[in-house]
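Read the structure below first, then the notes.
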Amino acid sequence: MRSIKKQKEVLLGVTGGIAAYKAAEIVRLLRKNDCSVTVVMTESAKQFITPLTFESLTGRHVYSGLFDPQSPSAMEHIELSKKSDLLLIAPATANIIGKAAHGVADDLLSCLLMTVIKPIIIAPAMNANMYLSSVVQENISCLRKRGVKIIGPEKGELACGDEGPGRLAEVESIVDAVKTELKTREKLNGKEVLVTAGPTREPMDPVRFISNPSSGKMGFALATEALKRGAEVTLISGPTKQEPLPGIKFIPVVTAREMKEEVFKCLPKIDIVIMAAAVGDYQPVRYSKQKIKKDKELLVLEFKKTIDILAEIGKKKGNKILIGFAAETEQLAGNAKGKLKKKNLDIIVANEIGISESGFQSDFNKTVILTKGGKQEELPLMSKTNLAGKILDMLNPYLISSLTTTKKFSRLK
Ligand code: CTP
(Lines give C-alpha, C1' and ligand atoms only; values in the text may rest on other atoms or scores of the structure.)
Protein backbone atom coordinates (compact mmCIF):
# COMPACT_ATOMS: atom_id res chain seq x y z
CA MET A 1 0.00 0.00 0.00
CA ARG A 2 1.34 3.48 -0.94
CA SER A 3 1.15 5.90 1.94
CA ILE A 4 -0.88 9.14 1.95
CA LYS A 5 1.39 12.20 1.49
CA LYS A 6 0.09 14.61 4.14
CA GLN A 7 -1.09 13.94 7.68
CA LYS A 8 -4.87 13.58 7.41
CA GLU A 9 -7.46 13.65 10.16
CA VAL A 10 -9.65 10.56 10.20
CA LEU A 11 -12.61 10.31 12.51
CA LEU A 12 -13.25 6.65 13.28
CA GLY A 13 -16.69 5.67 14.58
CA VAL A 14 -16.76 2.30 16.34
CA THR A 15 -20.15 0.70 17.02
CA GLY A 16 -21.17 -2.30 19.10
CA GLY A 17 -20.46 -5.47 17.17
CA ILE A 18 -18.14 -8.42 17.71
CA ALA A 19 -15.84 -7.00 14.99
CA ALA A 20 -15.19 -3.91 17.15
CA TYR A 21 -11.82 -5.36 18.15
CA LYS A 22 -10.72 -5.10 14.49
CA ALA A 23 -11.06 -1.33 14.74
CA ALA A 24 -7.83 -1.36 16.80
CA GLU A 25 -5.98 -2.77 13.78
CA ILE A 26 -7.65 -0.16 11.53
CA VAL A 27 -6.27 2.58 13.81
CA ARG A 28 -2.79 1.07 13.68
CA LEU A 29 -2.80 0.83 9.87
CA LEU A 30 -4.22 4.32 9.39
CA ARG A 31 -1.53 5.78 11.62
CA LYS A 32 1.11 3.85 9.66
CA ASN A 33 -0.31 5.58 6.56
CA ASP A 34 0.19 9.10 7.95
CA CYS A 35 -3.31 9.61 9.30
CA SER A 36 -4.12 11.01 12.71
CA VAL A 37 -7.11 9.19 14.15
CA THR A 38 -9.76 10.31 16.61
CA VAL A 39 -12.11 7.58 17.83
CA VAL A 40 -15.78 8.06 18.65
CA MET A 41 -17.40 5.02 20.30
CA THR A 42 -21.05 4.25 20.85
CA GLU A 43 -22.06 3.02 24.32
CA SER A 44 -22.56 -0.53 23.05
CA ALA A 45 -19.10 -0.56 21.42
CA LYS A 46 -17.67 -0.26 24.94
CA GLN A 47 -19.15 -3.70 25.71
CA PHE A 48 -16.75 -5.17 23.15
CA ILE A 49 -13.58 -3.06 23.50
CA THR A 50 -12.48 -0.42 25.97
CA PRO A 51 -11.83 3.26 25.25
CA LEU A 52 -8.42 2.78 26.85
CA THR A 53 -7.33 0.57 23.92
CA PHE A 54 -8.08 3.35 21.45
CA GLU A 55 -6.65 6.05 23.72
CA SER A 56 -3.39 4.11 23.84
CA LEU A 57 -3.33 3.53 20.07
CA THR A 58 -4.28 7.08 19.03
CA GLY A 59 -2.71 9.02 21.88
CA ARG A 60 -5.95 11.02 21.97
CA HIS A 61 -9.08 11.35 24.07
CA VAL A 62 -11.80 8.88 22.97
CA TYR A 63 -15.22 10.49 22.56
CA SER A 64 -18.51 8.84 23.28
CA GLY A 65 -21.51 10.58 24.83
CA LEU A 66 -23.04 13.87 23.77
CA PHE A 67 -22.83 15.13 27.34
CA ASP A 68 -19.52 13.63 28.45
CA PRO A 69 -18.10 15.66 31.42
CA GLN A 70 -14.58 14.42 30.49
CA SER A 71 -14.82 15.89 26.98
CA PRO A 72 -12.64 18.92 26.21
CA SER A 73 -15.49 20.73 24.41
CA ALA A 74 -19.24 20.97 24.83
CA MET A 75 -19.82 21.12 21.04
CA GLU A 76 -18.04 17.94 20.07
CA HIS A 77 -20.18 17.08 17.06
CA ILE A 78 -19.35 20.44 15.48
CA GLU A 79 -15.70 20.68 16.54
CA LEU A 80 -14.80 17.12 15.54
CA SER A 81 -16.51 17.38 12.15
CA LYS A 82 -14.73 20.66 11.36
CA LYS A 83 -11.32 19.18 12.11
CA SER A 84 -11.75 15.90 10.22
CA ASP A 85 -11.01 15.04 6.59
CA LEU A 86 -13.12 11.87 6.57
CA LEU A 87 -15.53 9.91 8.75
CA LEU A 88 -15.14 6.14 8.76
CA ILE A 89 -17.53 3.90 10.69
CA ALA A 90 -16.09 0.42 11.17
CA PRO A 91 -17.67 -1.80 12.21
CA ALA A 92 -21.10 -0.32 11.49
CA THR A 93 -24.10 -2.08 13.01
CA ALA A 94 -27.59 -2.22 11.48
CA ASN A 95 -28.55 0.31 14.15
CA ILE A 96 -26.10 3.06 13.12
CA ILE A 97 -26.88 2.41 9.44
CA GLY A 98 -30.59 2.86 10.20
CA LYS A 99 -29.93 6.04 12.16
CA ALA A 100 -27.74 7.43 9.35
CA ALA A 101 -30.39 6.70 6.73
CA HIS A 102 -33.25 8.24 8.71
CA GLY A 103 -31.61 11.14 10.50
CA VAL A 104 -31.82 9.88 14.06
CA ALA A 105 -29.30 11.85 16.14
CA ASP A 106 -29.35 10.53 19.71
CA ASP A 107 -25.65 10.12 20.47
CA LEU A 108 -22.36 11.72 19.44
CA LEU A 109 -21.67 9.42 16.48
CA SER A 110 -25.15 9.76 14.96
CA CYS A 111 -24.94 13.57 15.40
CA LEU A 112 -21.58 13.55 13.65
CA LEU A 113 -23.10 11.72 10.71
CA MET A 114 -25.26 14.79 10.14
CA THR A 115 -22.69 17.50 10.75
CA VAL A 116 -19.82 16.01 8.76
CA ILE A 117 -19.78 17.27 5.17
CA LYS A 118 -16.57 15.39 4.40
CA PRO A 119 -16.64 11.95 2.80
CA ILE A 120 -18.25 9.20 4.85
CA ILE A 121 -17.25 5.54 4.54
CA ILE A 122 -19.30 2.87 6.28
CA ALA A 123 -18.11 -0.72 6.75
CA PRO A 124 -21.10 -2.82 7.87
CA ALA A 125 -20.66 -5.95 10.00
CA MET A 126 -23.58 -7.99 11.32
CA ASN A 127 -25.41 -11.29 11.15
CA ALA A 128 -26.13 -12.34 7.52
CA ASN A 129 -29.92 -12.42 7.99
CA MET A 130 -29.85 -8.95 9.46
CA TYR A 131 -27.68 -7.69 6.62
CA LEU A 132 -29.91 -9.27 3.98
CA SER A 133 -33.13 -8.01 5.58
CA SER A 134 -35.00 -5.62 3.33
CA VAL A 135 -34.82 -2.78 5.83
CA VAL A 136 -31.00 -2.88 6.08
CA GLN A 137 -30.70 -3.23 2.30
CA GLU A 138 -33.00 -0.23 1.77
CA ASN A 139 -31.07 1.83 4.30
CA ILE A 140 -27.75 0.97 2.64
CA SER A 141 -29.06 1.83 -0.80
CA CYS A 142 -30.42 5.12 0.55
CA LEU A 143 -26.98 6.00 1.96
CA ARG A 144 -25.28 5.05 -1.33
CA LYS A 145 -27.61 7.41 -3.22
CA ARG A 146 -26.51 10.19 -0.87
CA GLY A 147 -22.88 9.56 -1.79
CA VAL A 148 -21.84 7.54 1.27
CA LYS A 149 -19.26 4.86 0.35
CA ILE A 150 -20.14 1.39 1.61
CA ILE A 151 -17.30 -1.12 1.90
CA GLY A 152 -18.09 -4.80 2.38
CA PRO A 153 -19.36 -6.77 4.14
CA GLU A 154 -17.70 -9.98 3.04
CA LYS A 155 -19.11 -13.49 2.91
CA GLY A 156 -17.86 -16.12 5.32
CA GLU A 157 -18.35 -17.74 8.67
CA LEU A 158 -19.82 -15.26 11.12
CA ALA A 159 -19.26 -14.97 14.87
CA CYS A 160 -22.77 -16.35 15.48
CA GLY A 161 -21.87 -19.51 13.54
CA ASP A 162 -24.00 -18.61 10.49
CA GLU A 163 -22.51 -18.44 6.99
CA GLY A 164 -23.16 -15.56 4.61
CA PRO A 165 -22.48 -11.88 3.98
CA GLY A 166 -21.88 -9.95 7.18
CA ARG A 167 -18.17 -10.15 8.00
CA LEU A 168 -16.39 -6.82 8.30
CA ALA A 169 -14.40 -6.13 5.09
CA GLU A 170 -10.68 -6.87 5.37
CA VAL A 171 -8.94 -4.21 7.42
CA GLU A 172 -6.50 -3.52 4.53
CA SER A 173 -9.40 -2.99 2.10
CA ILE A 174 -11.00 -0.54 4.51
CA VAL A 175 -7.77 1.44 4.88
CA ASP A 176 -7.26 1.37 1.08
CA ALA A 177 -10.78 2.77 0.62
CA VAL A 178 -9.91 5.57 3.06
CA LYS A 179 -6.71 6.37 1.17
CA THR A 180 -8.47 6.42 -2.22
CA GLU A 181 -11.19 8.68 -0.88
CA LEU A 182 -8.69 11.07 0.72
CA LYS A 183 -6.76 11.31 -2.55
CA THR A 184 -9.95 12.07 -4.50
CA ARG A 185 -10.76 14.75 -1.96
CA GLU A 186 -7.54 16.60 -2.73
CA LYS A 187 -8.10 16.67 -6.47
CA LEU A 188 -9.47 20.22 -6.57
CA ASN A 189 -7.27 21.76 -3.88
CA GLY A 190 -6.46 25.34 -4.80
CA LYS A 191 -8.87 25.42 -7.75
CA GLU A 192 -11.55 28.07 -8.15
CA VAL A 193 -14.77 26.46 -9.36
CA LEU A 194 -17.84 28.33 -10.57
CA VAL A 195 -21.13 26.43 -10.70
CA THR A 196 -24.44 27.81 -11.96
CA ALA A 197 -27.71 26.21 -10.97
CA GLY A 198 -31.47 26.40 -11.08
CA PRO A 199 -33.82 28.13 -13.51
CA THR A 200 -33.91 31.80 -14.44
CA ARG A 201 -37.11 33.85 -14.42
CA GLU A 202 -37.89 36.36 -17.15
CA PRO A 203 -40.62 38.72 -15.93
CA MET A 204 -43.36 40.10 -18.19
CA ASP A 205 -45.11 42.19 -15.53
CA PRO A 206 -44.73 42.65 -11.75
CA VAL A 207 -46.59 39.38 -11.00
CA ARG A 208 -45.77 37.05 -13.91
CA PHE A 209 -42.68 35.49 -15.39
CA ILE A 210 -41.63 32.80 -17.86
CA SER A 211 -39.40 30.08 -16.41
CA ASN A 212 -38.79 26.31 -16.34
CA PRO A 213 -39.12 23.58 -13.66
CA SER A 214 -35.38 23.24 -12.85
CA SER A 215 -34.98 22.43 -9.12
CA GLY A 216 -31.29 23.35 -8.93
CA LYS A 217 -30.50 19.92 -7.43
CA MET A 218 -27.81 19.03 -10.00
CA GLY A 219 -25.95 22.34 -9.67
CA PHE A 220 -26.11 22.30 -5.87
CA ALA A 221 -24.85 18.68 -5.83
CA LEU A 222 -21.92 19.71 -8.05
CA ALA A 223 -21.08 22.68 -5.82
CA THR A 224 -21.16 20.42 -2.73
CA GLU A 225 -18.97 17.78 -4.36
CA ALA A 226 -16.45 20.39 -5.60
CA LEU A 227 -16.26 21.82 -2.06
CA LYS A 228 -15.67 18.34 -0.65
CA ARG A 229 -12.79 17.91 -3.12
CA GLY A 230 -11.03 20.99 -1.79
CA ALA A 231 -12.11 23.65 -4.32
CA GLU A 232 -13.05 27.26 -3.59
CA VAL A 233 -16.62 27.22 -4.85
CA THR A 234 -18.83 30.04 -6.11
CA LEU A 235 -22.43 29.05 -6.78
CA ILE A 236 -24.66 31.37 -8.80
CA SER A 237 -28.23 30.20 -8.79
CA GLY A 238 -31.67 31.21 -9.93
CA PRO A 239 -34.58 30.78 -7.49
CA THR A 240 -34.69 27.29 -5.94
CA LYS A 241 -35.55 25.61 -2.65
CA GLN A 242 -31.99 24.29 -2.24
CA GLU A 243 -29.70 25.46 0.57
CA PRO A 244 -25.99 25.86 -0.18
CA LEU A 245 -23.53 24.33 2.29
CA PRO A 246 -21.57 26.69 4.52
CA GLY A 247 -18.23 27.25 2.79
CA ILE A 248 -19.78 27.82 -0.64
CA LYS A 249 -19.85 31.45 -1.84
CA PHE A 250 -23.49 31.78 -2.86
CA ILE A 251 -24.84 34.44 -5.22
CA PRO A 252 -28.61 34.33 -5.81
CA VAL A 253 -29.93 35.77 -9.09
CA VAL A 254 -33.28 35.86 -10.85
CA THR A 255 -32.93 36.62 -14.57
CA ALA A 256 -30.57 35.32 -17.28
CA ARG A 257 -29.13 38.81 -17.51
CA GLU A 258 -28.35 38.93 -13.77
CA MET A 259 -26.77 35.48 -14.00
CA LYS A 260 -24.59 36.60 -16.90
CA GLU A 261 -23.47 39.72 -15.03
CA GLU A 262 -22.53 37.78 -11.88
CA VAL A 263 -20.79 35.06 -13.89
CA PHE A 264 -18.65 37.57 -15.77
CA LYS A 265 -17.80 39.46 -12.56
CA CYS A 266 -16.15 36.41 -10.99
CA LEU A 267 -14.85 34.80 -14.20
CA PRO A 268 -11.26 36.19 -14.17
CA LYS A 269 -10.27 34.17 -11.08
CA ILE A 270 -12.11 30.98 -12.09
CA ASP A 271 -10.34 27.78 -13.25
CA ILE A 272 -13.34 25.55 -13.89
CA VAL A 273 -16.83 26.62 -14.99
CA ILE A 274 -19.77 24.24 -14.67
CA MET A 275 -22.95 25.64 -16.24
CA ALA A 276 -25.68 23.45 -14.79
CA ALA A 277 -28.28 26.25 -14.78
CA ALA A 278 -31.35 25.94 -16.99
CA VAL A 279 -30.96 29.48 -18.31
CA GLY A 280 -34.08 30.89 -19.97
CA ASP A 281 -33.52 31.12 -23.73
CA TYR A 282 -36.11 33.86 -24.28
CA GLN A 283 -37.32 36.93 -22.42
CA PRO A 284 -40.40 39.07 -23.14
CA VAL A 285 -39.58 41.93 -25.51
CA ARG A 286 -41.58 44.36 -23.37
CA TYR A 287 -41.93 44.46 -19.60
CA SER A 288 -45.18 45.97 -18.44
CA LYS A 289 -44.71 48.06 -15.28
CA GLN A 290 -48.36 47.48 -14.43
CA LYS A 291 -50.06 44.09 -14.13
CA ILE A 292 -51.30 42.96 -17.56
CA LYS A 293 -55.10 42.96 -17.36
CA LYS A 294 -57.24 40.15 -18.77
CA ASP A 295 -59.24 42.47 -20.98
CA LYS A 296 -58.30 40.71 -24.25
CA GLU A 297 -59.55 37.30 -25.42
CA LEU A 298 -56.17 36.57 -27.00
CA LEU A 299 -52.92 37.76 -25.47
CA VAL A 300 -49.89 37.75 -27.75
CA LEU A 301 -46.47 38.30 -26.23
CA GLU A 302 -43.23 38.74 -28.14
CA PHE A 303 -39.99 37.20 -26.92
CA LYS A 304 -36.37 37.88 -27.77
CA LYS A 305 -33.35 35.66 -27.22
CA THR A 306 -31.36 36.01 -24.00
CA ILE A 307 -27.59 35.93 -24.18
CA ASP A 308 -26.05 32.45 -24.23
CA ILE A 309 -23.77 32.75 -21.19
CA LEU A 310 -21.84 29.55 -21.84
CA ALA A 311 -21.21 30.36 -25.50
CA GLU A 312 -19.89 33.78 -24.43
CA ILE A 313 -17.51 32.20 -21.91
CA GLY A 314 -16.44 29.74 -24.64
CA LYS A 315 -15.32 32.66 -26.81
CA LYS A 316 -12.84 33.83 -24.15
CA LYS A 317 -12.02 30.42 -22.76
CA GLY A 318 -8.25 30.73 -22.28
CA ASN A 319 -7.02 28.07 -19.85
CA LYS A 320 -10.37 27.58 -18.20
CA ILE A 321 -12.07 24.21 -18.24
CA LEU A 322 -15.68 24.51 -19.39
CA ILE A 323 -18.38 21.99 -18.56
CA GLY A 324 -21.84 22.47 -20.02
CA PHE A 325 -25.09 20.60 -19.82
CA ALA A 326 -27.46 19.72 -22.63
CA ALA A 327 -31.08 19.21 -21.69
CA GLU A 328 -32.54 17.04 -24.44
CA THR A 329 -35.76 15.21 -25.14
CA GLU A 330 -34.33 13.39 -28.20
CA GLN A 331 -31.00 12.50 -29.87
CA LEU A 332 -29.12 12.97 -26.60
CA ALA A 333 -25.54 12.40 -27.78
CA GLY A 334 -25.98 13.94 -31.25
CA ASN A 335 -27.43 17.21 -30.00
CA ALA A 336 -24.92 17.42 -27.16
CA LYS A 337 -22.00 16.93 -29.56
CA GLY A 338 -23.19 19.96 -31.53
CA LYS A 339 -23.36 22.09 -28.36
CA LEU A 340 -19.93 20.87 -27.19
CA LYS A 341 -18.35 22.15 -30.42
CA LYS A 342 -20.45 25.28 -30.86
CA LYS A 343 -19.85 26.53 -27.31
CA ASN A 344 -16.13 25.52 -27.24
CA LEU A 345 -16.56 23.19 -24.23
CA ASP A 346 -14.25 20.56 -22.77
CA ILE A 347 -17.03 18.36 -21.40
CA ILE A 348 -20.77 18.24 -21.94
CA VAL A 349 -23.27 16.31 -19.85
CA ALA A 350 -26.35 15.45 -21.88
CA ASN A 351 -29.31 14.70 -19.68
CA GLU A 352 -32.55 13.21 -20.74
CA ILE A 353 -35.46 15.38 -19.77
CA GLY A 354 -39.10 14.60 -20.38
CA ILE A 355 -38.95 11.11 -18.80
CA SER A 356 -40.48 10.81 -15.35
CA GLU A 357 -37.51 9.49 -13.36
CA SER A 358 -34.75 11.74 -14.79
CA GLY A 359 -33.98 15.43 -15.21
CA PHE A 360 -35.95 18.43 -13.92
CA GLN A 361 -37.14 18.12 -10.28
CA SER A 362 -35.96 14.52 -9.97
CA ASP A 363 -33.23 13.37 -7.57
CA PHE A 364 -31.88 11.25 -10.43
CA ASN A 365 -30.39 11.81 -13.86
CA LYS A 366 -29.74 9.62 -16.88
CA THR A 367 -26.86 11.06 -18.84
CA VAL A 368 -24.27 10.69 -21.56
CA ILE A 369 -20.99 12.51 -20.97
CA LEU A 370 -18.95 13.61 -23.99
CA THR A 371 -15.50 15.20 -24.05
CA LYS A 372 -13.74 17.40 -26.57
CA GLY A 373 -11.22 14.58 -27.06
CA GLY A 374 -13.97 12.31 -28.40
CA LYS A 375 -14.70 10.22 -25.30
CA GLN A 376 -18.32 9.24 -24.81
CA GLU A 377 -19.60 7.61 -21.62
CA GLU A 378 -23.18 6.52 -21.19
CA LEU A 379 -24.18 6.48 -17.54
CA PRO A 380 -27.14 4.64 -16.04
CA LEU A 381 -29.85 6.41 -14.05
CA MET A 382 -28.14 7.56 -10.82
CA SER A 383 -28.61 10.02 -7.98
CA LYS A 384 -27.54 13.58 -8.74
CA THR A 385 -25.10 13.37 -5.79
CA ASN A 386 -23.33 10.38 -7.32
CA LEU A 387 -23.47 11.91 -10.80
CA ALA A 388 -21.77 15.05 -9.45
CA GLY A 389 -18.87 12.83 -8.34
CA LYS A 390 -18.70 11.16 -11.77
CA ILE A 391 -18.66 14.51 -13.56
CA LEU A 392 -15.86 15.84 -11.37
CA ASP A 393 -13.93 12.58 -11.90
CA MET A 394 -13.96 13.46 -15.62
CA LEU A 395 -11.74 16.45 -14.73
CA ASN A 396 -8.89 14.22 -13.55
CA PRO A 397 -7.05 14.03 -16.90
CA TYR A 398 -7.02 17.84 -17.05
CA LEU A 399 -5.34 18.32 -13.72
CA ILE A 400 -1.53 18.26 -13.92
CA SER A 401 -1.16 17.10 -10.34
CA SER A 402 -3.81 16.48 -7.79
CA LEU A 403 -1.52 17.36 -4.93
CA THR A 404 -0.18 20.73 -6.10
CA THR A 405 -2.01 24.03 -5.89
CA THR A 406 -0.80 25.22 -9.28
CA LYS A 407 -3.42 26.79 -11.51
CA LYS A 408 -2.08 25.20 -14.67
CA PHE A 409 -3.97 22.46 -16.42
CA SER A 410 -2.95 19.88 -18.94
CA ARG A 411 -5.05 19.75 -22.07
CA LEU A 412 -7.04 16.77 -23.19
CA LYS A 413 -5.91 15.43 -26.61
N1 CTP B 1 -26.89 28.08 -21.47
C2 CTP B 1 -26.40 29.34 -21.18
N3 CTP B 1 -27.14 30.45 -21.53
C4 CTP B 1 -28.32 30.33 -22.15
C5 CTP B 1 -28.83 29.05 -22.45
C6 CTP B 1 -28.09 27.94 -22.09
O7 CTP B 1 -25.32 29.47 -20.62
N8 CTP B 1 -29.00 31.41 -22.47
C9 CTP B 1 -26.09 26.91 -21.10
C10 CTP B 1 -26.77 25.94 -20.13
O11 CTP B 1 -26.44 26.28 -18.80
C12 CTP B 1 -26.20 24.61 -20.53
C13 CTP B 1 -25.89 24.75 -22.02
O14 CTP B 1 -25.87 26.16 -22.27
O15 CTP B 1 -24.97 24.34 -19.87
C16 CTP B 1 -26.90 24.11 -22.93
O17 CTP B 1 -28.20 24.52 -22.58
P18 CTP B 1 -29.49 23.87 -23.29
O19 CTP B 1 -30.71 24.52 -22.72
O20 CTP B 1 -29.39 22.38 -23.26
O21 CTP B 1 -29.30 24.26 -24.81
P22 CTP B 1 -29.39 25.60 -25.58
O23 CTP B 1 -28.01 26.00 -25.95
O24 CTP B 1 -30.20 26.60 -24.82
O25 CTP B 1 -30.13 25.15 -26.92
P26 CTP B 1 -31.61 24.49 -27.11
O27 CTP B 1 -32.48 25.07 -26.01
O28 CTP B 1 -32.01 24.94 -28.48
O29 CTP B 1 -31.46 23.01 -27.01
Side-chain angles (χ1 to χ4, degrees), residues 193-203 209-223 226 233-240 242 251-267 270 272-285 303-317 320-355 358-362 365-372 384 387-388 390-392 394-395:
V193 175
L194 168 65
V195 182
T196 65
T200 59
R201 287 180 183 174
E202 310 305 327
F209 55 79
I210 174 166
S211 189
N212 61 66
S214 167
S215 62
K217 286 175 185 168
M218 191 66 244
F220 277 69
L222 279 159
V233 183
T234 305
L235 173 62
I236 301 178
S237 176
T240 75
Q242 312 300 316
I251 305 173
V253 294
V254 178
T255 62
R257 191 194 165 129
E258 283 170 19
M259 184 170 277
K260 184 221 144 195
E261 278 167 12
E262 292 302 332
V263 164
F264 277 87
K265 258 189 234 166
C266 53
L267 209 54
I270 298 296
I272 301 162
V273 180
I274 310 178
M275 278 294 297
V279 188
D281 289 330
Y282 288 93
Q283 67 183 90
V285 171
F303 291 91
K304 61 180 178 190
K305 258 191 185 171
T306 56
I307 188 163
D308 190 317
I309 306 170
L310 190 54
E312 286 304 305
I313 305 170
K315 285 181 195 159
K316 336 184 160 95
K317 187 171 175 293
K320 294 183 203 314
I321 296 178
L322 296 192
I323 304 183
F325 275 73
E328 307 294 346
T329 50
E330 53 173 356
Q331 295 177 42
L332 214 58
N335 284 339
K337 213 177 261 177
K339 289 177 190 174
L340 177 86
K341 201 157 174 236
K342 196 169 139 206
K343 303 195 189 197
N344 196 16
L345 310 179
D346 295 288
I347 297 170
I348 194 154
V349 183
N351 63 321
E352 207 168 333
I353 51 166
I355 52 169
S358 169
F360 286 147
Q361 299 286 328
S362 167
N365 242 347
K366 189 166 182 299
T367 55
V368 179
I369 304 184
L370 298 101
T371 71
K372 193 177 171 180
K384 288 182 176 173
L387 178 60
K390 288 265 179 207
I391 294 170
L392 294 186
M394 298 292 286
L395 287 171

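Order of listing sets the numbers, starting from 1, for every ligand and every atom in it. When reading the values below, keep in mind they use all heavy atoms of this one structure, side chains included, and skip hydrogens, waters and symmetry mates.
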(request) Scan residues 304-314 for pairs that pass side chain to side chain donor-acceptor pair (under 3.5 Å), counting only residues two or more places apart or in two chains. (result) Asp308-Lys343, Glu312-Lys315

(request) Nearest 0.5 Å please: distance from the CG atom of Asn335 over to the OG1 atom of Thr329. (result) 8.0 Å

(message) So Ser211 and Glu202, do their side chains get closer than 4.5 Å, heavy atoms only?
(response) no

(message) By the salt bridge (charged side-chain N to carboxylate O under 4.0 Å, His left out) test, which pairs, at least two apart or in different chains, include something from residues 251-263?
(response) Arg257-Glu261, Glu262-Lys265

(message) Residue by residue, ordered by chain and number, which ones reach under 4.0 Å of ligand 1 with a heavy atom?
(response) Met275, Ala277, Val279, Gly280, Asp281, Thr306, Ile307, Asp308, Ile309, Leu310, Gly324, Phe325, Ala326, Ala327, Lys339, Lys343

(message) Can you pull out every salt bridge (charged side-chain N to carboxylate O under 4.0 Å, His left out) where at least one residue sits in residues 328-338? Sequence neighbours excluded, please.
(response) Glu328-Lys339

(request) Using modelled atom types only, decide if a donor and an acceptor are shared between the side chain of Thr367 and the backbone of Ile369 within a distance under 3.5 Å. (result) no

